[in-house]
Amino acid sequence: MPIQNHHLIDFPKIIDPRGNLTVAEQMEHVPFDIQRVYWTYDVPSGESRGGHAHRECEEVIIAVSGSFDVTLDFGDHRQTYHLNHPYQGLYVGTGVWRTLDDFSSGAVCLVLASQLFDEEDYIRDYDEYLQYLGVQETSHL
């Protein structure tokens, strides 16, 4: 899987003394048509979210409140991003295993997705993911 299958996106930040505003428009700031939006919140201390990859769905992950880490696993290496700015998102393309953890108190994770929910699009077993990539077992790095 190419390393370019992920990158940070800086959304426009409009500064105003009454409160800042950020906007994300499909095909302008987000590199796909947005088909689904969902958010995760009230994540208990020490819990993780994600733990899967998508075959077809692309996503942009945003910490709209608080902070959390997103670890992307490519089968042969990992990269972790600390998200803590509501004007910044992490684009995650297809075929990338992602795990979200270290949620701060009150953190809200917003996800913009290119596909409607489809359970068949998910790869939820790590060994199946490695097989999907054609990578030999690496003992979870």
Side-chain angles (χ1 to χ4, degrees), residues 1-16 18-141:
M1 207 44 54
I3 294 175
Q4 297 76 19
N5 209 13
H6 68 283
H7 61 273
L8 289 171
I9 298 171
D10 288 319
F11 296 110
K13 180 180 176 184
I14 301 154
I15 299 173
D16 188 299
R18 301 168 298 163
N20 298 335
L21 173 76
T22 292
V23 63
E25 295 179 352
Q26 62 188 17
M27 303 309 293
E28 176 71 23
H29 311 108
V30 177
F32 51 78
D33 289 329
I34 300 167
Q35 296 295 312
R36 180 170 53 119
V37 176
Y38 63 93
W39 50 99
T40 304
Y41 54 95
D42 293 341
V43 178
S45 178
E47 288 296 323
S48 293
R49 299 293 307 205
H52 64 268
H54 289 283
R55 291 177 174 87
E56 300 292 329
C57 188
E58 301 168 82
E59 295 182 332
V60 173
I61 302 170
I62 305 165
V64 293
S65 182
S67 66
F68 51 87
D69 290 339
V70 180
T71 300
L72 304 180
D73 186 321
F74 303 92
D76 59 354
H77 70 283
R78 292 180 179 159
Q79 184 166 354
T80 299
Y81 291 88
H82 182 70
L83 299 183
N84 63 349
H85 300 297
Y87 56 84
Q88 190 174 63
L90 177 61
Y91 168 78
V92 182
T94 60
V96 178
W97 187 272
R98 81 284 320 270
T99 305
L100 290 71
D101 53 22
D102 294 329
F103 285 82
S104 68
S105 178
V108 178
C109 171
L110 179 75
V111 180
L112 310 175
S114 68
Q115 305 280 321
L116 298 175
F117 177 80
D118 178 4
E119 184 61 37
E120 295 298 315
D121 184 54
Y122 284 76
I123 304 171
R124 296 187 187 272
D125 178 81
Y126 190 76
D127 290 334
E128 180 184 339
Y129 172 67
L130 292 177
Q131 190 174 35
Y132 172 81
L133 292 180
V135 176
Q136 296 295 328
E137 177 69 44
T138 58
S139 300
H140 289 43
L141 301 177

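We're numbering straight along the sequence, starting at 1.
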Are the aromatic rings of Tyr91 and His6 close, with centres under 6.0 Å apart? no
Run the side chain to side chain contact (heavy atoms under 4.5 Å, CB included) test on His54 and Thr94 for me, step by step, so that the C-alpha distance in whole Å, both residues' side-chain angles and the decisive distance to 0.1 Å come before the verdict. CA-CA 5 Å; His54 289 283; Thr94 60; 5.6 Å; no
For residues Ser67 and Ala107, report the shortest heavy-atom separation together with the two atoms involved. O-CB, 3.6 Å
Residues Tyr87, Asn20; criterion side chain to side chain contact (heavy atoms under 4.5 Å, CB included); working and verdict: CA-CA 10 Å; Tyr87 56 84; Asn20 298 335; over 6 Å; no
Within a reach of under 6.0 Å around CD of Glu128, are more than 12 heavy atoms found that belong to other residues, nucleotides or ligands? yes
Rounded distance (nearest 0.5 Å) linking atom CD1 of Ile62 with atom CG of Leu83: 9.0 Å
Are Arg55 and Glu119 close enough for a salt bridge, meaning some N to O gap below 4.0 Å? no
How many angstroms lie between NE2 in His85 and OG1 in Thr22, if you round to the nearest 0.5 Å? 11.5 Å
Check: Gln26 side chain, Ile34 main-chain N or O, donor-acceptor pair, under 3.5 Å: yes
Is any side-chain heavy atom of Phe68 closer than 4.5 Å to a side-chain heavy atom of Asp102? no
Using a 4.5 Å cut-off on heavy atoms from C-beta on, say whether the side chain of Cys109 contacts that of Phe103. yes
Asp69 side chain near Leu100 side chain, heavy-atom distance below 4.5 Å: no
Check the side chains of Thr71 and Thr80 for a donor-acceptor pair under 3.5 angstrom, ignoring hydrogens and angles. yes
Taking every non-hydrogen atom, the tightest pair across Ser65 and Gly106: OG-O, 3.4 Å
Compare all side-chain heavy atoms of Cys57 with those of Leu116 and state whether any distance is below 4.5 angstrom. no
Salt bridge (Lys or Arg N to Asp or Glu O under 4.0 Å) pairs, two or more places apart, involving residues 82-101: Glu59-Arg98
What orientation do Tyr129 and Tyr126 show, parallel under 30°, tilted 30 to 60°, or perpendicular over 60°? tilted
Using a cut-off of 6.0 Å, state whether more than 12 heavy atoms not belonging to Tyr38 lie near its atom OH. yes
Interatomic distance, CZ@Arg124 vs CH2@Trp97, rounded to 0.5 Å, equals 9.0 Å
Can you check whether Leu72 reaches Leu90 side chain to side chain, under 4.5 Å on heavy atoms? yes
Hey, are Tyr81 and Gln79 close enough side-chain-wise for a donor-acceptor pair under 3.5 Å? yes
At their closest point, which heavy atom of His29 faces which heavy atom of Pro12, and how far apart are they? NE2-CG, 3.3 Å
Decide if atom CD of Glu56 counts as having more than 12 heavy atoms of other residues, nucleotides or ligands within a radius under 6.0 Å. no
Under a 4.0 Å N-O cut-off, is there an ion pair linking Asp73 with Arg78? yes
Closest non-hydrogen contact found for Val60 with Gly89 is CG1-CA, 4.0 Å
Over all atoms of both residues, closest heavy-atom pair of Leu133 and Gly95: CD2-O, 4.0 Å
To the closest 0.5 Å, what do you measure between NZ (Lys13) and CG (Asp16)? 12.0 Å
Begin with the C-alpha distance, continue with both residues' side-chain angles, and end with the deciding distance and a verdict on side chain to side chain contact (heavy atoms under 4.5 Å, CB included) for Met27 and Asp33. CA-CA 6 Å; Met27 303 309 293; Asp33 289 329; 3.3 Å; yes
Straight-line distance of Gln35 CD to Leu112 CG, nearest 0.5 Å: 12.0 Å
Nearest 0.5 Å please: distance from the CZ atom of Phe11 over to the CD atom of Glu25. 11.0 Å
Do Gln88 and Ile9 come close enough that some side-chain heavy atom pair is under 4.5 Å? no
Sub-6.0 Å ring centroid separation between Tyr122 and Phe117: yes
Can you see which heavy atom on Gly66 is nearest to which on Ala63, and at what distance? O-CB, 3.8 Å
